[in-house]
Amino acid sequence: MSKLVLYNTLSKKKETFNSLVPNKVSFYLCGVTVYDNCHIGHARAYIVFDTIRRHLMYLGYDVSFIQNFTDIDDKIIKRSSEKGVSWKALVKTNISSFFEDMDALNILRASVYPKATDHIREMISIIKDLMEKGIAYQAGDDVCFSVDAFEGYGKLSKKKLEDLVAGSRVEVSTEKKNPFDFVLWKPAKEGEPFWGSPWGKGRPGWHIECSAMVKKLLGHTIDIHAGGEDLVFPHHENEIAQSECHTDHPLANYWLHNGFVKIKDEKMSKSKNNFFTIKDILKDTPGVVLRYFLMKVHYRLPIHFSSDGLEESKQAVQKLAEAVKAGANVDSLKTLMPISNDIDEELGSNRISPQDRLKTKFSESPELTEFLNRFDGALNNDFNFSEAVSILFDLSRYCYKNKKGGLLLFLLSERLGLNLVELESEIIVTEELQAIIQSRNEAKQNRNFDESDRLRDVLKTTFGVEIVDQKDGGYLLKEI
RNA sequence: GGCGGCAUGGCCAAGUGGUAAGGCACGGGUUUGCAAAACCCUGAUCCCCAGUUCGACUCUGGGUGCCGCCUCCA
């Protein structure tokens with residue numbers, strides 16, 4: 001069996017994955033600042049890392065998967081005053097919106113969703129330590145981190161401080177020793193939320209929260225730290241600086257970053273105001289289709305968002321869903337436990353990974369085992385989702401030809417978080433609808449095909465329902 | 001200015017030092033009363049130039065174009 005290999009931003013190379021503790025993975029994903037609804041750029045990041053997490057679980061790792069909420073910052077304060085609601089209320093609303101979106105995209109719940117404001121004490125303690133070490137200092141009213149004090153500064157983003165200064169867009173602050181020094185603690189202005197600290201009433205800077213939560217929840221060094229590629233600099237760079245000065249240990253062994261969603265060749269972002277929220281898209285696109293669209297491209301490369309692309313994805317997902325039906329009894333699939341949830345609770349050497357279970361399940365069939373191995377190989381190679389998806393289509397061809405393999409197709413899709421059964425829409429058959437269907441059937445039986453075609457058209461145009469005749473004389477209804 | 005990524009058939013998109021997965025769309029055919037689905041067939045020599053090599057789309061150098069980070073940002 002091939003080993004898991006992944007691209008590490010830190011080394012800029014693909015590396016074989018080895019966890020710190022056998023069979024366990026500590027995984028920290030930078031989450032959202034909850035001042036607004038999530039957009040599809042967030043969706044991509046969380047889908048990508050959800051799929052990666054599912055693969056780790058599949059390989060048999062017990063994954064501690066942490067995703068934080070940044071629930072206090074300037075944008076939250078600004079937005080809440082604009083809306084005339086308390087910052088706490090704003091945060092609460094956006095967090096529940098976040099979970100709605102995650103559910104719609106079939107993203108598994110993280111092990112823990114820590115909030116920044118629940119870790120102020122831990123942040124203060126780290127800042128104090130950095131002050132005592134002479135790495136942090138008081139710059140006017142702010143407490144700042146001195147980037148010159150950390151030798152490794154720039155090692156993640158491959159930036160040199162000298163180069164940064166040359167083309168700097170950073171505002172020059174007279175108080176800072178170096179323009180790239182960043183704020184650890186800032187004072188609250190009149191009317192702003194605040195927490196007490198040795199440096200007065202205020203709130204933490206952005207970066208320090210992750211350092212504090214990683215240390216508290218996962219320890220000084222973790223296996224994987226992940227986020228969007230825009231977080232590489234300065235966020236992750238600054239996290240490394242703080243944490244490593246504080247603990248004297250590497251923050252994370254593997255750094256994973258996903259590429260952007262772009263619109264018309266531009267990065268989609270709040271500041272450019274060229275974004276779509278997840279809810280915008282979900283209004284007329286099933287979650288599984290959006291998920292497919294956002295993960296069919298290699299996770300480190302940009303994706304160009306377009307409605308054509310979404311339509312293409314819809315067709316593709318439908319094709320897979322049809323193939324599952326051709327190769328298996330769909331009703332039996334609905335009751336199946338997702339393989340990624342099927343983790344052995346027993347620890348120790350006797351544990352059986354989902355991978356081993358799946359292999360055993362299909363060991364009778366060399367052909368299906370081959371599909372499974374190819375699929376595993378694709379994911380083990382730096383999570384090559386595109387290749388994995390192409391194997392799904394190869395398998396769907398097999399399903400049609402052999403009238404089997406639907407179960408495997410379903411399970412492999414599920415490993416990518418694509419719930420194909422989800423597409424089945426429940427069409428409510430009203431009496432009126434039923435009457436037309438019946439008339440059409442009668443017309444058909446009387447070989448009055450002009451009439452039956454006319455009724456098919458009525459179903460289509462006035463009910464939005466496509467009727468598909470079956471070999472056995474029955475029919476299926478499809479929503480258009 | 002510094003650092004980095006990308007450039008593959010109409011569109012989207014994998015990939016390997018030995019002559020290019022998959023998806024969508026198009027065309028032809030099989031099947032079907034019709035339709036849908038499925039199945040079969042058809043289509044690219046991989047941005048340009050030079051080099052290394054028996055052989056490069058895949059390696060090296062140069063160029064062109066697009067994008068990202070260097071400010072909040074998934």
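Model, not experiment: these values are computed from the prediction. Residue numbers start from 1 in every chain, and the chains themselves are labelled A, B, ... in the order their sequence lines are given, proteins ahead of strands.
- The gap from the P atom of B:rA36 to that of B:rG27 amounts to 12 Å, rounded to the nearest Å.
- With ring centers used as reference points, A:Phe182 lies under 6.0 Å from A:His207.
- Side-chain atoms of A:Asp71 and A:Thr117 include a donor-acceptor pair closer than 3.5 Å.
- For A:Ser390, the listed nucleotide lying nearest its side chain is B:rA21; candidates were B:rG68, B:rA21, B:rG2.
- Between A:Lys279 and A:Glu100 there is a salt bridge, since a side-chain N of the basic residue sits under 4.0 Å from a carboxylate O of the acidic one.
- A:Lys159 contributes a side-chain N or O that forms a donor-acceptor pair with the base of B:rC69 under 3.5 Å.
- Rounded to a whole angstrom, the distance from the P atom of B:rC24 to that of B:rG18 is 29 Å.
- For the pair A:His298 NE2 and B:rA7 P, the interatomic distance rounds to 12 Å; values are reported in whole Å.
- Residue A:Tyr46 is classed as a sugar-phosphate contact, given heavy-atom separations below 4.0 Å to backbone atoms only.
- For A:Lys158, counting side-chain heavy atoms from C-beta on, the closest listed nucleotide (B:rC3, B:rG23, B:rC69) is B:rC3.
- For residues 223-237 of chain A, the pairs satisfying salt bridge (charged side-chain N to carboxylate O under 4.0 Å, His left out) are A:Asp230-A:Lys267, with sequence neighbours left out.
- Straight-line distance between the P atoms of B:rG2 and B:rC49: roughly 28 Å, to the nearest whole Å.
- Taking the C1' atom of each, B:rG9 and B:rA21 are spaced 13 Å apart, rounded to whole Å.
- In this structure, A:Asn258 atom CG and B:rG68 atom C1' are separated by 13 Å, rounded to whole Å.
- At least one donor-acceptor pair closer than 3.5 Å links the side chain of A:Arg291 to the backbone N or O of A:Leu416.
- A side-chain contact (heavy atoms from CB on, under 4.5 Å) with A:Leu409 holds for exactly one of A:Ile391, A:Leu368, A:Val324; it is A:Val324.
- Rounded to whole Å, the distance from NE2 on A:His207 to C1' on B:rC72 is 10 Å.
- Between A:Ile52 atom CD1 and B:rA74 atom P the separation is 18 Å, expressed in whole Å.
- When distances are taken from the side chain of A:Met268 to each of B:rC6, B:rA74, B:rC70, the shortest belongs to B:rA74.
- Donor-acceptor pairing under 3.5 Å is lacking for the side chains of A:His298 and A:Glu387.
- Separating the CD atom of A:Glu312 from the P atom of B:rC24 is a distance of 8 Å, rounded to the nearest angstrom.
- Within the nucleic acid shown, A:Ile40 has no heavy atom closer than 4.0 Å to any nucleic acid atom.
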- For every nucleotide of nucleotides 30-39 of chain B, 5' to 3': is a protein heavy atom under 4.0 Å from its base (B), only from its sugar-phosphate (S), or from neither (-)? ---BBBBSSS
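- Listed in residue order, the members of residues 272-279 of chain A having a heavy atom less than 4.0 Å from RNA chain B are A:Lys272.
- In this structure, the CG atom of A:Asn94 is 12 Å from the P atom of B:rA74, given to the nearest Å.
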